[in-house]
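For reference, the structure discussed in these notes is given below.
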Amino acid sequence: MTEKVRVRFAPSPTGPLHVGGVRTALYNYLFAKHHGGDFIIRIEDTDQTRLVPGAEEYILRSLEWCGIHADYGPHIGGPDAPYRQSERKPIYKAYAEELVAKGHAYYAFDTPEQIEEMREKAKAAGNKSPQYNAITRQYMLNSLTLPAEEVQKRLESNEPYVIRMLVPRKEEIRFEDKIRGWVSVHSSQLDDKVLLKSDGMPTYHLANVVDDHLMKITHVIRGEEWLPSTPLHVLLYRGFGWEMPVFAHLPLLLSPDDSGKLSKRDGDRYGFPVFPLEWVDPITGNKSSGYKESGYLPEAFINFLAFLGWNPGTHQEVFSMQELIQHFSLERVGKSGVKFDKKKSIWYNQYYIRKKSPEELLPYVVQDLEKKGWPIPAAPYLKRVIELLSDRVEYLTDFTNLAPYFFLRPNTYEPELIEKSWKTQNIAFLIDFSRQLQGIQEWNSKNLEMLGKQLASEKGLSAGKIMPTIRLAVTGVTFGPGVFDILELLGKEETLWRIDQALQKIPVPTEKL
RNA sequence: GGUCCGUUCGUCUAGCCCGGUCCAGGACAUCUCCCUUUCACGGAGGAAACAGGGGUUCAAAUCCCCUACGGACUACCA
């Protein structure tokens, strides 16, 4: 095969894109770029009734955030435009008719009620999965059973009809899946799927085959849920006399509680977002969290996602997008369903955050502060905050969540910490400490520590005793970087103010000796 | 129910195609210890898996068969 690799990601704008979809897009992208090929986005909006406003735009925005950039798509255009199936409507009808002409498809005039009736009858007769197929089509209203003039008349009088695939009665259909090997299904298991709906729109089956052919797609990389309908697609390619693309069906992303494949409807119920970006349902107004807003770095999210079903075969775990492109291959994609591991996603995030410089992290923190409506300190101060915290955060939002005291004065003091460290001796120390602080020569962490320790030993107190007390007074919480580093950053004036506040606000214990 | 696909530590997985080097390797999580004023980071170490049963073979996680379990699909949805 010397032709250029071309793949497509074909989401349906029926809602937000979820992680499984992002992974499918990612693998398509990695595969295309690895081979120097094109990655196309095609919107499969043939079901007009399920369209969700904003979904397409959301999908496009999500992929951008992830760093998955399309070569062609509805927002970019390209040689095979339009890339929205609803805008390609006339194309499909012609192809469906071509198939009828070739004897691979037929018109069917049955009403939904008539089909339902057929199913009921079949069920009553003991058939567990009644189908519109080689057997039942003989008894239905279609161009196979009706006289030609009758068919003609019905078509001319604009009677609603669909075009169905004429699936051969007895035939073993085989195809090779790049991930699963040879798969074979007997045609008797397939039903005569509708190709063109009565509203003139194609179904997925027709549209995807026609478009993949027209867009010269070389590899169809999609979720495993499509595996059962692939034989039908094979039949379609054959019926048209077209060359088939290579198929690769990806293992599904499973929910952590073994309840099957992860779905959009899972929203936030597993404690991790299932969407890349926050999504607000246009109808219910329900908000679902997104990775971005939760404080994930896109590169961490992508690295994590890439490993859900693929691995390089080496011990390397950290890959940039460029490295992923370099190393990705379908051969190394697993076959079995993959469960989501929130802890690992956090590990990746933490890792990537720590690798970033304070300068790089700065905009994220500023954005977060803006969102929270907190005061935004000057850049040097912020960078120092980031430095002090970056070993301790899991999410980008932790810079503010875990250490609000760098931005706001504490207004509460952790009760447990009070109980442990707010002793009369310690308070006495704090008062003296604060007094000595006023006269300190150079306000830096080292000097502060020296002073604190010296004063402590003068009073017969250990460093371990007094530091939590200072921490309590200044931050109100137990968590954080070294106290003296905090003091240094806060500055003399603020430190003194906070100690004073603490002395006023935290009640003196009634100590029993 | 039927069809198809799958099954290695709790999780993601390496190894399977080309049987021996695997009393199964890595990562996350977990446990212990060290470092340490807190929380982390870091370092050292530990526990932890070939779904089950039959074959084939001198030898099977690796090849074959069966069973069990899980999943997907089964629409004029994608």
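Lettering follows sequence order; numbering is per chain, from 1. Just so you know, these numbers use all the heavy atoms, side chains as well, and skip hydrogens, waters and symmetry mates.
The side chain of A:Gln350 places an N or O atom within less than 4.0 Å of a non-bridging phosphate oxygen (OP1 or OP2) of B:C41. For B:U38, neither phosphate oxygen OP1 nor OP2 lies less than 4.0 angstrom from any side-chain nitrogen or oxygen of A:Lys420. At least one side-chain nitrogen or oxygen of A:Lys197 sits closer than 4.0 Å to the OP1 or OP2 atom of B:A78. Side-chain N/O atoms of A:Arg164 include one lying less than 4.0 angstrom from OP1 or OP2 on B:C76. For A:Arg332 and B:G15, the shortest distance from a side-chain N or O to OP1 or OP2 is below 4.0 Å. Contact between the side-chain N/O atoms of A:Thr46 and the OP1/OP2 oxygens of B:A78 is found at a separation under 4.0 Å. For the OP1/OP2 pair of B:U38 and a distance below 4.0 Å, the side-chain nitrogens and oxygens of A:Arg392 include no atom meeting the criterion.
Ring planes of A:Phe272 and A:Tyr270: parallel class, angle under 30° (limits at 30 and 60°).
Taking the ring centre of A:Phe328 as origin, the terminal cationic atom of A:Arg332 falls outside the region bounded by 6.0 Å and 45° from the ring axis.
The partner of B:A48 is absent, by the rule that a Watson-Crick or G-U pair needs both atom distances under 3.5 Å. B:C17 is unpaired under the criterion used here, namely a Watson-Crick or G-U wobble arrangement in which both key atom distances are under 3.5 Å. Pairing partner, B:U37: none, since no Watson-Crick or wobble contact has both distances short of 3.5 Å. When both distances must be under 3.5 Å, the Watson-Crick or G-U wobble mate of B:G6 is B:C69.
To the nearest angstrom, P of B:G71 lies 10 Å from CG of A:Asp257. Atom CG in A:Asp212 sits roughly 15 Å away from atom P in B:A78 (whole-Å rounding). Atom CG in A:Leu232 sits roughly 21 Å away from atom P in B:A72 (whole-Å rounding). Rounded to whole angstrom, the span from the CZ atom of A:Arg354 across to the C1' atom of B:A40 amounts to 9 Å. Atom CZ in A:Arg180 sits roughly 16 Å away from atom P in B:G71 (whole-Å rounding). When rounded to the nearest whole Å, the span between CG of A:Asn311 and P of B:U8 equals 14 Å. Rounded to whole Å, the distance from CG on A:Leu430 to P on B:U37 is 19 Å. Rounded to whole Å, atom P of B:G6 lies 9 Å from atom CG of A:Asp177.
When each of A:Phe340 and A:Asp45 is assigned the nucleotide of RNA chain B bearing its nearest heavy atom, the one mapping closer to the 5' terminus is A:Phe340. Residues A:Lys343 and A:Val185 each lie close to RNA chain B; by heavy-atom proximity, the contact nearer the 5' end of the strand is made by A:Val185.
Residue A:Lys344 places a side-chain atom within donor-acceptor reach of the base of B:A27, judged by atom type and a 3.5 Å distance cut-off alone.
For A:Arg471, counting side-chain heavy atoms from C-beta on, the closest listed nucleotide (B:U37, B:G6, B:A78) is B:U37. Of the candidate nucleotides B:C4, B:C28, B:G6, B:G6 has the atom nearest to the side chain of A:Lys335. The side chain of A:Thr203 has B:C76 as its nearest neighbour among B:G2, B:U37, B:C76. Checking B:U37, B:C41, B:G6 against every side-chain atom of A:Ser336, the shortest atom distance belongs to B:G6.
Contacts of A:Pro251 with the nucleic acid, taken as non-hydrogen atoms under 4.0 Å apart, are absent. Using a 4.0 Å heavy-atom cutoff across all strands shown, A:Val183 reaches sugar-phosphate atoms only and no base atom. As judged by a 4.0 angstrom heavy-atom cut-off over every strand, A:Phe307 is placed among residues touching the sugar-phosphate backbone only. Within 4.0 Å of A:Ser345, counting heavy atoms only, lies no atom of the nucleic acid at all.
As rounded to the nearest Å, B:A48 and B:U8 have C1' atoms that lie 12 Å from one another. Annotation: B:G52 and B:A47 have their C1' atoms spaced 25 Å apart (nearest Å). Of the C1' atoms belonging to B:C63 and B:U57, the separation is 10 Å, rounded to the nearest Å. Straight-line distance between the C1' atoms of B:A72 and B:C76: roughly 22 Å, to the nearest whole Å. Taking atom C1' in both B:A14 and B:C50, the straight-line distance is 12 Å, to the nearest Å. Of the P atoms belonging to B:C28 and B:G20, the separation is 29 Å, rounded to the nearest Å. A gap of 8 Å separates the C1' atoms of B:G43 and B:C35, to the nearest Å. Look at the C1' atom in both B:G25 and B:C64: the space between them is 28 Å, to the nearest Å.
Taking syn as a glycosidic angle within 90° of 0, B:C41 qualifies as syn.
Using a distance-only test at 3.5 Å, with no hydrogens or angles considered, a donor-acceptor pair links the side chain of A:Asp45 to the main chain of A:Ser86.
Shown are A:Tyr161, A:Tyr132, A:Tyr106, A:Tyr107; of these, the side chain to side chain donor-acceptor pair (under 3.5 Å) with A:Asn142 is made only by A:Tyr132.
A salt bridge does not link A:Lys264 to A:Asp266: none of the charged side-chain nitrogens sits closer than 4.0 Å to a carboxylate oxygen. Between A:Asp47 and A:Arg50 there is a salt bridge, since at least one side-chain N of the basic residue sits less than 4.0 Å from a carboxylate O of the acidic one. In this structure, A:Glu416 does not pair ionically with A:Lys420, as no charged nitrogen and carboxylate oxygen lie closer than 4.0 Å.
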Take A:Asp211 and A:Arg8, measure what salt bridge (charged side-chain N to carboxylate O under 4.0 Å, His left out) needs, and give me the verdict at the end.
-> CA-CA 10 Å; A:Asp211 283 345; A:Arg8 83 307 196 265; over 6 Å; no
